[in-house]
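Have a look at the structure below before the remarks.
Treat the numbers as computed from the prediction; the structure is a model and nothing was measured.
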Amino acid sequence: MMMKRRLGVVASVATLVIAGSLAGAAPAGADTDQGRAQSVLITVTGSGSHARISNDDVHPGWLKLKIQDATSPKPIGANIDVIQLRHGYRLSRLMADLAAEVAQNSTPAALAAAAAATGDLNTIAVALGGGDPFDKTPFFRSDTIWLPGRGDYYVINTATSTLPAVVGVLEARGRTVWQGAPDHSGTVSLGNGSTDTITLTGHMPAKGTVRVRNNGDGVHLLAISKVADGTTDAEVSAEYMSFMTNGFPPPDPIGLFSSTINTGSDAVSPGHASLFSYNLPKGTYVLQCFVADDVTGIPHAFMGMHLIVHIG
């Protein structure tokens, strides 16, 4: 989900909580030149439930995802993730879990469902990254993901006008592609063992690439949003607490709920990483995760999983 939509979802959720949250030979036409990097262009169209994919025959290994938001009549953004189902689990179960994650329903039952969905996602699926572009903004450039083996990978958009949708399937076959991983200036670590934290080693220039790795014990995502210069993590926590206590919209002096500069690399499972390339104006940003906690159903960001960084 794009940041504004994510905040709209978690807003209603948090208010209620406080008040009452990959086999086979290479197919014909597949690129077998292991000296070349591979990429696909995913163009999300209509209500977000469909997409054009430039090439769905790919190899295991590094794959650059270029994603465009061409939704209409008004752009709603695209939140693409590439997900592999573990053996023996059904796609319908995965989609039900994702629907529970993004549901804009703050009832106790919905919170419980979101918590259960997170736990189930950790069991049945492997999320490998993706990307969150909005309209023609340049903030998202690409996300280079690692396909760990042969098989089918589902391309899923969670930012549709209705329910999350499978917009394509990538068929990974043939030999592994080792080329194509861009250089990166830093590493964003999502989680630290059993602790839901975000840390940054290295730095984030205004235009660049960072490695996004999940070091936690459950699925996390990276969302990036511009906030007022000088904002601190304590102020982010205080504004989320104010929102949870008093309802939406809270006073927003730091622009946490009103930011118009948003992007991210979307969900990634424990032990996996992607290389997220972006182009952002210089300034202060908050890195955060909105996956529902697997116990409370409250988004991780509301529980302190955020980090203020200076980009530039």
Side-chain angles (χ1 to χ4, degrees), residues 1-3 5-6 22 38-45 48-56 58 60-71 76-85 91 94-95 97-99 101-102 118 121 125-135 137 139-148 151-160 163-172 180-182 184 188 190 209-214 219-225 262-279 287-291:
M1 294 170 286
M2 286 305 296
M3 180 68 66
R5 179 169 178 181
R6 282 183 174 131
L22 288 148
Q38 59 177 349
S39 66
V40 297
L41 172 63
I42 302 168
T43 304
V44 182
T45 61
S49 298
H50 303 280
R52 299 187 299 271
I53 299 180
S54 61
N55 177 29
D56 57 12
V58 297
W62 290 115
L63 174 66
K64 177 182 286 188
L65 302 177
K66 301 175 182 178
I67 306 169
Q68 293 181 344
D69 171 23
T71 53
I76 60 176
N79 301 129
I80 294 294
D81 205 28
V82 176
I83 298 179
Q84 178 188 36
L85 272 174
L91 178 62
L94 169 63
M95 300 311 292
D97 286 339
L98 293 175
E101 282 278 344
V102 304
T118 299
L121 287 170
V126 179
L128 300 168
D132 301 341
F134 183 81
D135 200 17
T137 58
F139 310 137
F140 174 85
R141 293 171 58 208
S142 66
D143 195 29
T144 304
I145 67 174
W146 177 264
L147 303 182
D152 291 342
Y153 296 83
Y154 295 99
V155 181
I156 297 174
N157 182 26
T158 59
T160 73
L163 295 173
V166 177
V167 297
V169 181
L170 301 175
E171 299 179 26
H184 59 283
V188 176
L190 305 175
T209 298
V210 289
R211 183 171 181 255
V212 181
R213 178 172 174 81
N214 188 337
V219 65
H220 290 300
L221 62 79
L222 175 64
I224 303 176
S225 200
N262 309 287
T263 189
S265 61
D266 228 278
V268 63
S269 291
H272 293 268
S274 70
L275 293 158
F276 172 59
S277 299
Y278 59 88
N279 186 6
L287 314 183
Q288 49 194 337
C289 171
F290 288 109
V291 171

**Asked** With distance as the sole test, does D135 use its side chain to make a donor-acceptor pair with the main-chain N or O of T137 at under 3.5 Å?
**Response** no
**Request:** Compare every heavy atom of A181 with every heavy atom of L275, then report the nearest pair and how far apart it is.
**Result:** CD1-CB, 3.7 Å
**Request:** Look at the side chain of D266 and the backbone N and O of G129, then say whether any donor-acceptor pair between them is shorter than 3.5 Å.
**Result:** no
**Item:** Nearest-0.5 Å distance, CG of residue L221 to OG of residue S265
**Value:** 8.0 Å
**Prompt:** Is the backbone of T263 close enough, under 3.5 Å, to the side chain of D132 for a donor and an acceptor to pair up by distance?
**Reply:** no
**Prompt:** Any donor-acceptor pair under 3.5 Å linking the side chain of D69 with the backbone of P133?
**Reply:** no
**Request:** For residues T45 and R52, determine if any side-chain heavy atom of one lies less than 4.5 Å from a side-chain heavy atom of the other.
**Result:** yes
**Fill in**
Between G77 and T71, the two heavy atoms sitting closest are N-OG1, 3.9 Å
**Complete:** CD1 (I145) and CG (D143) are apart, to the nearest 0.5 Å, by 7.0 Å
**Request:** Nearest 0.5 Å please: distance from the CG atom of L222 over to the CG atom of L190.
**Result:** 6.0 Å
**Asked** Counting only N and O atoms by type, is there a donor-acceptor contact under 3.5 Å from the side chain of S49 to the main-chain atoms of A165?
**Response** no
**Prompt:** Is the shortest heavy-atom distance from the side chain of V44 to the side chain of T160 under 4.5 Å?
**Reply:** no
**Request:** Report the C-alpha separation of D81 and T158 in whole Å, then their side-chain angles, then the decisive distance to 0.1 Å, and conclude whether the side-chain contact (heavy atoms from CB on, under 4.5 Å) test is met.
**Result:** CA-CA 8 Å; D81 205 28; T158 59; 6.0 Å; no
**Request:** Show your reasoning for whether side-chain contact (heavy atoms from CB on, under 4.5 Å) applies to V40 and V155.
**Result:** CA-CA 11 Å; V40 297; V155 181; over 6 Å; no
**Message:** Just verifying a value: how many Å separate S225 OG and Q288 CD, rounded to the nearest 0.5 Å?
**Reply:** 6.5 Å
**Request:** Step through the shown structure and confirm whether more than 12 heavy atoms of other residues, nucleotides or ligands are within 6.0 Å of NE2 on H50.
**Result:** no
**Request:** Dump the intermediate steps for side-chain contact (heavy atoms from CB on, under 4.5 Å) on N262 and F134, then the final yes or no.
**Result:** CA-CA 8 Å; N262 309 287; F134 183 81; over 6 Å; no
**Least distance between heavy atoms, F276 atom then V212 atom** = CB-CG2, 4.0 Å
**Request:** May I ask you to test the P148-Q84 pair for a side-chain heavy-atom distance under 4.5 Å?
**Result:** yes
**Item:** Which atom of P60 lies closest to which atom of A172, heavy atoms considered
**Value:** N-CB, 4.0 Å
**Message:** Given 3.5 Å as the limit, does a donor-acceptor pair link the side chain of Q38 with the main chain of W62, or not?
**Reply:** yes
**Asked** Are any non-hydrogen side-chain atoms of L170 and I53 less than 4.5 angstrom apart?
**Response** yes
**Message:** To the closest 0.5 Å, what do you measure between CG (N55) and CD1 (I42)?
**Reply:** 11.0 Å
**Asked** Shortest non-hydrogen contact from T209 to P182?
**Response** CG2-CG, 4.0 Å
**Fill in**
Between F140 and G264 the two heavy atoms that sit nearest each other are CD1-O, 3.9 Å
**Prompt:** Can you check whether S274's main-chain N or O pairs, donor with acceptor, with R213's side chain at less than 3.5 Å?
**Reply:** no
**Asked** How many angstroms lie between CG in L287 and CD1 in I224, if you round to the nearest 0.5 Å?
**Response** 5.5 Å
**Request:** State, with a plain yes or no, whether a side-chain heavy atom of L94 is found less than 4.5 Å away from one of I156.
**Result:** yes
**Item:** Full working for side-chain contact (heavy atoms from CB on, under 4.5 Å) between V219 and T118
**Value:** CA-CA 7 Å; V219 65; T118 299; 4.2 Å; yes
**Prompt:** Short question: side chain of S269, backbone of A127 - any donor-acceptor pair under 3.5 Å?
**Reply:** yes
